[in-house]
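To start, the structure itself, in structure tokens.
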Amino acid sequence: MRKLRLLLLSGLLFLFGMSFAAEVTVPTGDTLQNYIEAAAAGDVLILEDGGVYEGELLITKSLTIKAVDGYTVRPVIIQGSTNGIKFGESPSGAEIKLNGLEFMSTGARYLARLGTGDSLAYLEMTDLVAHGYDRCIIRASDAGIFVDSVLIDNSHFYDFDGSSYRLFYFDKGDCPV
């Protein structure tokens with residue numbers, strides 16, 4: 001009996017010590033970046049059905065950004081800055097998942113850009129629509145970048161303005177991707 005109590009107690013202590021990912025709904029019109037900064041690693045940010053979000057995005061931790069389940073109108077993220085989503089100096093092993101979203105450029109050259117020091121274990125883009133970008137979807141152009149795996153599934157990219165458009169643009173020999 002004593003062993004059983006100790007086993008149950010240690011199991012409860014283990015569960016209380018674990019951190020569970022939170023799901024947070026981001027209201028339309030709110031600044032998505034504020035929610036990204038406030039989120040803990042592993043959290044899920046859920047964008048409202050038909051929601052519109054504007055602004056530059058900097059992601060520096062594992063995070064999922066997705067449309068609400070069963071959406072009827074895909075949430076739109078409008079990107080006006082040159083770099084689109086910037087991943088910052090994410091810790092090694094960071095996982096970024098984007099699902100069910102529409103990305104629209106009003107001035108961004110890239111949907112996502114990796115710079116010096118950025119390191120991603122996994123980048124997932126599923127059920128996306130992206131349009132209006134000038135150069136490419138993912139750009140990595142500096143030394144010291146590491147991306148282990150990229151999954152793009154069921155996504156539609158169109159209406160690109162650049163004359164030399166590429167899906168991926170890795171232009172440094174020492175960028176191990």
In terms of hydrophobic clusters joined by side-chain contacts under 4.5 Å, are [X] and [Y] together?
X: I152; Y: L98; result: yes
X: Y133; Y: I65; result: yes
X: L57; Y: Y53; result: yes
X: V52; Y: V73; result: no
X: L111; Y: V150; result: yes

Establish, from distance only, whether the side-chain atoms of T72 and D49 form a donor-acceptor pair under 3.5 Å.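 Their side chains do contain a donor-acceptor pair, which is all the 3.5 Å distance test asks for.
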Just by distance, with hydrogens left out, do D148 and Y122 show a side-chain donor and acceptor under 3.5 Å apart?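 No pair is found: no donor N or O on one side chain lies under 3.5 Å from an acceptor on the other.
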Answer whether the closest heavy-atom distance between the side chains of [X] and [Y] falls below 4.5 Å.
X: V76; Y: L101; result: no
X: L58; Y: I36; result: no
X: Q79; Y: I85; result: yes

Is the count of non-hydrogen atoms from other residues, nucleotides or ligands lying under 6.0 Å from E56 atom CD greater than 12?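 Result for CD/E56: open.
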Nearest-0.5 Å distance, [atom1] of residue [X] to [atom2] of residue [Y]:
X: K86; Y: L114; atom1: NZ; atom2: CG; value: 6.5 Å
X: F87; Y: R113; atom1: CZ; atom2: CZ; value: 12.0 Å
X: N99; Y: M125; atom1: CG; atom2: CE; value: 12.0 Å
X: L123; Y: S149; atom1: CG; atom2: OG; value: 10.0 Å
X: D43; Y: T64; atom1: CG; atom2: OG1; value: 9.0 Å

Examine distances only and state if a side-chain atom of [X] and a backbone atom of [Y] form a donor-acceptor pair shorter than 3.5 Å.
X: K61; Y: E37; answer: yes
X: R74; Y: D127; answer: yes
X: S105; Y: G107; answer: yes

Evaluate the side-chain contact (heavy atoms from CB on, under 4.5 Å) criterion for residues Y110 and I137: first the C-alpha distance (whole Å), next the side-chain angles of each, then the deciding distance (0.1 Å), finally the verdict. CA-CA 5 Å; Y110 324 107; I137 293 299; over 6 Å; no
Please assess I96 against L120 for the test side-chain contact (heavy atoms from CB on, under 4.5 Å), listing each intermediate value before the final yes or no. CA-CA 8 Å; I96 309 297; L120 292 174; 3.7 Å; yes
Is there a side-chain contact (heavy atoms from CB on, under 4.5 Å) between Y35 and D30? Walk through the geometry before answering. CA-CA 9 Å; Y35 286 83; D30 272 10; 2.8 Å; yes
